[in-house]
Amino acid sequence: MTRITIAKGDGIGPEIMEATLSILEAAGAQLAYDEIEIGEKVYLAGNTAGISPEAWDTIRRNKVFLKAPITTPQGGGYKSLNVSTRKFLGLYANIRPCFSLHPYVATKHPKMDLVIIRENEEDLYAGIEHQQTDEVTQCLKLISRPGCEKIVRYAFEYAKLYGRKKVTCFTKDNIMKQTDGLFREVFNEIAAEYPEIANDHWIIDIGAAKLANAPQDFEVIVTLNLYGDIISDIAAEIAGSVGLAGSANIGEECAMFEAIHGSAPMITGQGIANPSGLLLGAVQMLSHVGQTSIAEKIQNAWLKTIEDGVHTFDIYKEGVSTRRVNTQEFTAAVIANLGQLPKNFPAVSYQQDARITLPKYQRKPQKTKTLQGVDLFVHWSGTDVNDLAKKLKSLPADAYEMILITNRGIKVYPDGFPETFCTDHWRCRFMAKSPELATKTALIALLTAAEAQGIDVVKTENLYAFDGKAAYSLGQGQ
Ligand code: NAD
């Protein structure tokens with residue numbers, strides 16, 4: 001018997017959770033439940049996290065969490081519970097299988113069968129944002145080597161466990177050479193450890209286009225958080241319906257399972273929601289806790305129900321479907337099919353031990369880090385960049401010399417184009433006049449001098465080389 005935590009959530013959440021639990025029970029899942037309250041009611045009672053400390057304790061004690069969708073109220077500083085759950089519990093891998101159910105569910109892609117493995121903790125979802133000037137805001141994109149290693153290794157281990165032949169990486173490393181560049185570098189390193197699995201890389205924009213047009217060409221896709229978020233909804237939608245996809249969020253200790261869709265307020269209370277997304281999340285959960293034969297039994301009964309043409313409204317199609325059913329009727333049909341195999345779809349069969357355990361991250365030896373300069377980000381409302389350059393050049397700074405100004409990344413000094421549109425946010429690059437002068441003390445002196453001249457420095461970023469290799473972007477056009 002495995003004790004898990006469940007939350008019925010908001011909107012259609014309670015309806016699809018009830019359906020899912022009755023199928024789990026009928027299939028003989030060995031589960032005991034602790035129910036917690038999360039979501040809208042908790043938010044509106046004044047808890048901006050949407051979850052109480054006691055509920056956290058329950059989740060951490062049981063380690064396995066089956067969660068229905070919740071509604072995050074707009075505005076009011078409410079924190080996304082989905083994002084905080086993933087991050088607090090270290091659920092670094094988000095796994096979303098997306099497969100078509102041709103010819104029973106309408107899709108333009110009859111042969112689609114892929115899994116998206118999305119990094120779940122880093123990237124722009126760190127939510128570290130600032131307004132720096134009247135005109136400019138920023139969001140920090142943080143990508144770590146351990147974060148990349150864990151997710152990429154997970155993807156290859158997943159491919160190995162489930163007999164997938166290829167892992168594809170999506171990044172935008174042609175533009176983001178440091179952050180996405182690190183992800184791709186780690187992908188190349190780890191791919192080399194799995195010679196039996198093919199690998200390739202696509203720039204995310206053309207990769208997403210190809211995914212939308214020819215999803216059958218992909219098997220396992222591993223990517224960064226934001227890209228993964230976007231492409232997994234695209235993939236679920238083109239497979240048939242967002243109402244059909246479940247997802248697993250896996251960490252070293254804990255795991256959370258859910259549907260990929262939201263609380264669907266438009267159809268709440270009508271009893272017509274498709275419970276398949278949460279049910280397939282629960283199937284992933286059963287295989288995670290080692291109840292693989294129950295997982296198989298449920299998924300096969302569900303496949304049989306779909307091929308019997310017993311369909312909820314979101315996938316119902318005249319001429320293909322045989323019965324248009326509500327949530328309860330769909331649930332009853334799946335239960336009636338327990339123990340049967342689909343006739344047309346291949347029956348699923350899960351490995352006995354479907355849990356992927358990765359080796360602990362080994363920190364690499366530290367590289368030699370040398371300070372080479374500093375970027376001062378300046379709030380300045382003037383229009384002629386030469387005026388700003390003159391001010392910065394005349395600072396009494398012995399160690400550093402101003403060599404470049406960019407505005408939103410594009411070089412505007414020296415030799416900028418008058419056509420370039422400029423905001424009030426300027427990145428002013430100072431390089432050390434010689435390596436021995438590059439100290440933090442000299443940097444503080446530079447800042448003090450800038451302050452004395454009334455220059456409004458809103459942020460500084462040190463420029464380092466690691467093992468002699470400059471580890472910062474050049475200005476566009478530099
Ligand atoms: P949504 O996924 O709730 O709905 C998108 C569309 O899909 C709607 O037309 C809806 O009716 C339909 N749909 C969704 N689930 C369905 C199902 N099971 N059966 C049939 N049709 C289904 O997305 P939204 O409208 O953008 O968001 C509604 C709320 O859900 C928001 O408050 C949002 O914050 C929240 N949300 C929560 C989660 C989560 O808890 N994991 C995820 C996404 C959105």
Side-chain angles (χ1 to χ4, degrees), residues 6-20 23 36-44 48-51 55 59 65-87 89 91 94-96 98 101 105-106 118 120 125 225-226 228-230 232-249 255-282 284-285 302 305-306 310-317 321 324-331 334:
I6 58 164
K8 293 186 177 162
D10 301 313
I12 59 168
E15 302 164 37
I16 58 173
M17 181 61 88
E18 193 188 323
T20 299
I23 295 170
I36 57 166
E37 180 86 67
I38 55 167
E40 202 171 17
K41 264 196 244 142
V42 183
Y43 283 118
L44 297 178
T48 53
I51 180 167
I59 294 174
F65 181 24
L66 180 63
K67 180 185 139 301
I70 57 164
T71 302
T72 311
Q74 295 292 308
Y78 301 111
K79 297 255 181 279
S80 162
L81 180 56
N82 293 318
V83 175
S84 42
T85 307
R86 290 170 191 156
K87 296 187 70 169
L89 300 179
L91 309 180
N94 186 314
I95 294 107
R96 292 185 174 186
C98 297
L101 295 158
V105 175
R118 160 188 168 196
N120 221 11
Y125 288 67
N225 204 343
L226 177 63
D229 193 2
I230 297 168
S232 49
D233 272 25
I234 296 175
E237 185 70 22
I238 63 173
S241 160
V242 286
L244 288 174
S247 90
N249 297 269
M256 172 172 83
F257 300 86
E258 59 186 342
I260 72 156
H261 60 76
S263 54
M266 298 286 278
I267 56 166
T268 297
Q270 299 175 37
I272 57 170
N274 187 344
S276 300
L278 188 61
L279 182 66
L280 294 182
Q284 285 179 278
M285 177 187 78
W302 175 81
T305 310
I306 298 288
V310 179
H311 293 167
T312 43
F313 81 98
D314 53 318
I315 55 171
Y316 181 87
K317 195 160 180 219
S321 310
R324 183 183 175 118
V325 289
N326 63 23
T327 314
Q328 267 186 357
E329 291 161 337
F330 183 81
T331 307
V334 175

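For the single chain, residues carry numbers from 1 onward in sequence order. Numbering of ligands and ligand atoms starts at 1, following listing order.
At least one N or O atom of Asn274 sits closer than 3.5 Å to an N or O atom of ligand 1. Considering both main-chain and side-chain atoms, Ala264 comes within under 3.5 Å of ligand 1 through a nitrogen or oxygen pair. Residue contacts with ligand 1: Met266 is placed with no nitrogen or oxygen under 3.5 Å of a nitrogen or oxygen of the ligand (distance criterion only).
For atom 39 (C) of ligand 1, the closest non-hydrogen atom of the protein is Asn82 ND2, 3.2 Å. Protein heavy atom at the shortest distance from atom 34 (O) of ligand 1 is Thr72 N, 3.9 Å. If you check which protein heavy atom lies closest to atom 7 (O) of ligand 1, you get Val242 CG2, 3.7 Å. For atom 43 (C) of ligand 1, the closest non-hydrogen atom of the protein is Gly262 CA, 3.5 Å.
Within 6.0 Å of CD in Glu329 there are more than 12 heavy atoms belonging to other residues, nucleotides or ligands.
With His261, Met256, Lys67 as candidates, the residue nearest to atom 15 (N) of ligand 1 on a non-hydrogen basis is His261. Nearest-heavy-atom check against atom 22 (C) of ligand 1 across Ile267, Ile16, Asp314 picks out Ile267. Taking only non-hydrogen atoms, the option from Thr312, Ile38, Ile70 nearest to atom 33 (C) of ligand 1 is Ile70.
In this structure, atom 5 (C) of ligand 1 is not in close contact with the protein, since no protein heavy atom lies within 4.0 Å of it. Inside a 4.0 Å radius of atom 2 (O) of ligand 1 there is at least one protein heavy atom. There is a protein heavy atom closer than 4.0 angstrom to atom 20 (C) of ligand 1.
Between the side chains of Ser80 and Thr72, no donor N or O sits under 3.5 Å from an acceptor N or O.
In this structure, Pro265 counts as a contact residue of ligand 1, since one of its heavy atoms falls inside 4.0 Å of the ligand.
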